[in-house]
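Along the sequence shown, residues are numbered consecutively beginning with 1.
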Amino acid sequence: MPTLGRKSNKVLRDDVTSVTWEHSHVVVGEDGLVRTFCIYDAPSEDAVLQHSRLLGEHNIANLYEIAGDVTPDDFPLTQDPA
């Protein structure tokens with residue numbers, strides 16, 4: 001993972017400068033394979049796909065635009081009237 005992360009940073013620094021890698025969630029699937037869910041700030045899907053092509057060594061199964069973020073604090077529990 002460290003080698004691929006450094007390679008990703010290099011591609012972003014040198015080749016796809018319009019994309020920012022914000023963070024990734026790393027999970028282990030039921031099949032035991034490691035998968036990542038990566039969050040990027042990018043001007044377009046094409047820019048993310050260009051990063052993926054240059055990085056190699058993986059496949060993008062799905063690409064989604066994030067519409068927003070929520071946390072538990074966004075949904076406070078209301079007090080029941082006494």
Side-chain angles (χ1 to χ4, degrees):
M1 185 68 87
T3 301
L4 190 58
R6 281 190 288 279
K7 183 177 178 184
S8 177
N9 275 335
K10 185 176 183 328
V11 168
L12 293 171
R13 182 194 67 199
D14 297 343
D15 302 305
V16 191
T17 60
S18 64
V19 175
T20 301
W21 175 22
E22 294 187 5
H23 66 275
S24 296
H25 298 276
V26 181
V27 301
V28 177
E30 292 178 5
D31 55 6
L33 296 175
V34 173
R35 291 179 172 80
T36 58
F37 296 86
C38 302
I39 309 299
Y40 295 97
D41 182 12
S44 67
E45 288 184 6
D46 285 339
V48 175
L49 293 171
Q50 179 186 13
H51 171 259
S52 175
R53 282 189 299 275
L54 293 171
L55 180 58
E57 302 181 44
H58 71 289
N59 297 319
I60 293 179
N62 297 294
L63 187 61
Y64 300 101
E65 180 177 351
I66 296 173
D69 294 305
V70 296
T71 70
D73 291 340
D74 295 316
F75 307 99
L77 298 176
T78 58
Q79 295 288 331
D80 288 329

task = Write down the atom of V19, the atom of A42, and the distance for their closest heavy-atom approach.
result = CG2-CB, 3.8 Å

inquiry  = Minimum heavy-atom separation for D41 and E22, please, with both atom names.
reply    = CB-OE2, 3.3 Å

request  = Give a yes or no on whether Y40 and I60 share a hydrophobic cluster (residues Ile, Leu, Val, Met, Phe, Trp, Tyr; joining criterion: side-chain heavy atoms under 4.5 Å apart).
outcome  = yes

key: In one Ile/Leu/Val/Met/Phe/Trp/Tyr side-chain cluster, 4.5 Å: V48, L54   = yes

key: Intermediate values then yes/no, side-chain contact (heavy atoms from CB on, under 4.5 Å), K7 and K10   = CA-CA 5 Å; K7 183 177 178 184; K10 185 176 183 328; 5.6 Å; no

key: Cluster overlap M1 with V28, hydrophobic side-chain contacts below 4.5 Å   = yes

key: L4 vs S8 side-chain heavy atoms within contact, under 4.5 Å   = no

message = With a sphere of 6.0 Å drawn around CG of D69, does it hold more than 12 non-hydrogen atoms of other residues, nucleotides or ligands?
response = no

ask   = Short question: side chain of T71, backbone of D73 - any donor-acceptor pair under 3.5 Å?
value = yes

key: Minimum heavy-atom distance D15-Q50, with the two atoms named   = O-NE2, 4.4 Å

ask   = Any sub-3.5 Å donor-acceptor pair from H23's side-chain atoms to W21's backbone N or O?
value = no

request  = Kindly compute the distance separating CG (D46) from CZ (R53), expressed to the nearest 0.5 Å.
outcome  = 7.0 Å

query = When clusters are formed by joining ILVMFWY residues with side-chain heavy atoms under 4.5 Å apart, either directly or through shared neighbours, do L49 and L12 land in the same one?
reply = yes

ask   = Looking at C38 and S24, what are the two nearest heavy atoms and their distance?
value = SG-OG, 3.0 Å

message = Using the rule that Ile, Leu, Val, Met, Phe, Trp and Tyr join whenever any side-chain heavy atoms are under 4.5 Å apart, tell me whether V27 and I39 fall into a single cluster.
response = no

